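Positions are given from 1, in the same order as the sequence printed here. The model shown is predicted, which means the values in this text are computed figures rather than measured ones. Whatever order the structure lists them in is the order used to number ligands and atoms, beginning at 1.
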Amino acid sequence: MNQQQLKQAAAQAALDYIQPCLTSDAIIGVGTGSTADCFIDLLCQEAHRFAGAVASSERTAQRLQAGGVRVLDLNDVDYMPVYVDGADEINPALQMIKGGGGALTREKIVASVAQKFVCIVDASKQVSVLGNFPLPVEVLPMAVRNIKRAFATMGGQSRVREGFVTDNGNLILDVSGLSIEDPLALEQTINQWPGVVTNGIFAIHAAAVALVASEAGVQQIKPIDH
Ligand code: 5RP
């Protein structure tokens, strides 16, 4: 199987997993990226079975609407049973690096509202320690230089993502060279720096379950204590 087929397998497993959530009043949280796109295409085929979705990006909102799914503003939603999204890296505690597609802030907001984060990945995204994938950080433009300096003191090299503006009108710094031994602590530290909107460590809102596709099939993984 190629990587696209693995993404499709993970997406199909997610649709199977959320079957009990697909009720007439249910609102589903939907992520962003190529794996999430596979899930969206399957979810759209079931559009008649649930009330609507909250999208984690403009791109996802457009794809859902094109597929016949009603897209709601998060402020109009009280309860969301599940959020389904991909990741750039995931560790055994199901903490993740996300934001390769630049949608990390809205992804984190929607994930924080959902009862359960279901992460869909192919096995290449599994790591024992996060940090090989450069950490995306959404920043207000005027703070870029100062935040770059702050990462440098930790041994991180940061680059502004070229030609990219987030859905919220901000920039993305991609930071390499960080050792993320304690994802929870680092997520909290970076988020306190003035000008950081959010960073791509998802440890406070780690996944509840990961559906990991490999040649052997799709494995359902629960978090190991960290
Ligand atoms: C977007 C994300 C994506 O979930 C992450 O980048 C994985 O993307 P893909 O499924 O295309 O590999 O966080 O901001």
Side-chain angles (χ1 to χ4, degrees), residues 1-15 28-43 53-64 74 82-91 94-112 114 116-127 130-139 159-176 180 183 187 190-191 196-214 218 221:
M1 279 205 263
N2 61 31
Q3 201 179 21
Q4 184 60 24
Q5 289 167 322
L6 293 175
K7 289 176 184 185
Q8 270 157 359
Q12 181 60 58
L15 189 70
I28 308 298
V30 184
T32 298
S34 57
T35 317
D37 280 349
C38 297
F39 174 71
I40 293 167
D41 294 345
L42 294 170
L43 188 67
V54 173
S56 59
S57 64
E58 298 297 334
R59 161 188 161 165
T60 287
Q62 282 166 15
R63 199 173 182 104
L64 285 164
L74 185 59
V82 70
Y83 175 70
V84 179
D85 198 0
D88 299 301
E89 285 185 347
I90 185 162
N91 71 12
L94 305 192
Q95 299 164 322
M96 297 159 282
I97 287 184
K98 291 184 46 54
L104 61 158
T105 299
R106 295 191 187 193
E107 291 174 338
K108 200 175 276 192
I109 293 169
V110 184
S112 74
K116 191 179 248 196
F117 186 143
V118 177
C119 181
I120 49 175
V121 287
D122 66 76
S124 70
K125 307 287 186 70
Q126 287 181 297
V127 297
L130 300 175
N132 199 32
F133 189 92
L135 178 67
V137 183
E138 180 165 353
V139 298
R159 301 175 65 129
V160 175
R161 197 175 293 182
E162 259 179 53
F164 188 86
V165 176
T166 70
D167 285 347
N168 315 306
N170 298 310
L171 301 174
I172 297 284
L173 279 181
D174 290 304
V175 188
S176 54
I180 310 184
E187 180 179 7
I190 297 170
N191 278 349
V196 168
V197 180
T198 198
N199 71 82
I201 301 174
F202 280 55
I204 298 168
H205 299 289
V209 61
L211 302 171
V212 182
S214 69
V218 179
I221 297 176

Quick one: which ligand 1 atoms are inside 4.0 Å of a heavy atom on [X]?
| X | value |
| --- | --- |
| G86 | 4 (O) |
| G100 | 6 (O), 13 (O), 14 (O) |
| G99 | 2 (C), 13 (O), 14 (O) |
| A103 | 14 (O) |
| K98 | 2 (C), 3 (C), 4 (O), 13 (O) |
| G33 | 11 (O) |
| T32 | 1 (C), 2 (C), 3 (C), 4 (O) |

>> Please classify the V121 to ligand 1 contact at 4.0 Å (heavy-atom distances, strictly less than): side chain, backbone, both or neither.
In response: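 Neither; nothing of V121 gets under 4.0 Å from ligand 1.
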
>> Using a 4.0 Å heavy-atom cut-off, which part of A87 comes near ligand 1: side chain, backbone, both, or neither?
In response: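 Near ligand 1, A87 shows its backbone, while the atoms from C-beta on stay back.
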
> To the nearest 0.1 Å, how far is atom 2 (C) of ligand 1 from its closest protein heavy atom, and which atom is that?
Replying inline: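 Among all protein heavy atoms, the one nearest atom 2 (C) of ligand 1 is E107 OE2, 3.3 Å.
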
> Is the Lys NZ or Arg CZ of K116 less than 6.0 Å from the centre of Y83's six-membered ring, within 45° of the axis?
Replying inline: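 No.
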
> Does ligand 1 have any atom that is closer than 4.0 Å to a heavy atom of G102?
Replying inline: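 Contact present.
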
> Just wondering, more than 12 heavy atoms not from N168 lying within 6.0 Å of its CG?
Replying inline: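 Enclosed.
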
> Going through the distances and angles, do T105 and E138 end up as a side chain to side chain donor-acceptor pair (under 3.5 Å)?
Replying inline: CA-CA 7 Å; T105 299; E138 180 165 353; 2.6 Å; yes

> Do T32 and S56 have side-chain atoms, one donor and one acceptor, less than 3.5 Å apart?
Replying inline: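 Judged by distance alone, the side chains do pair up.
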
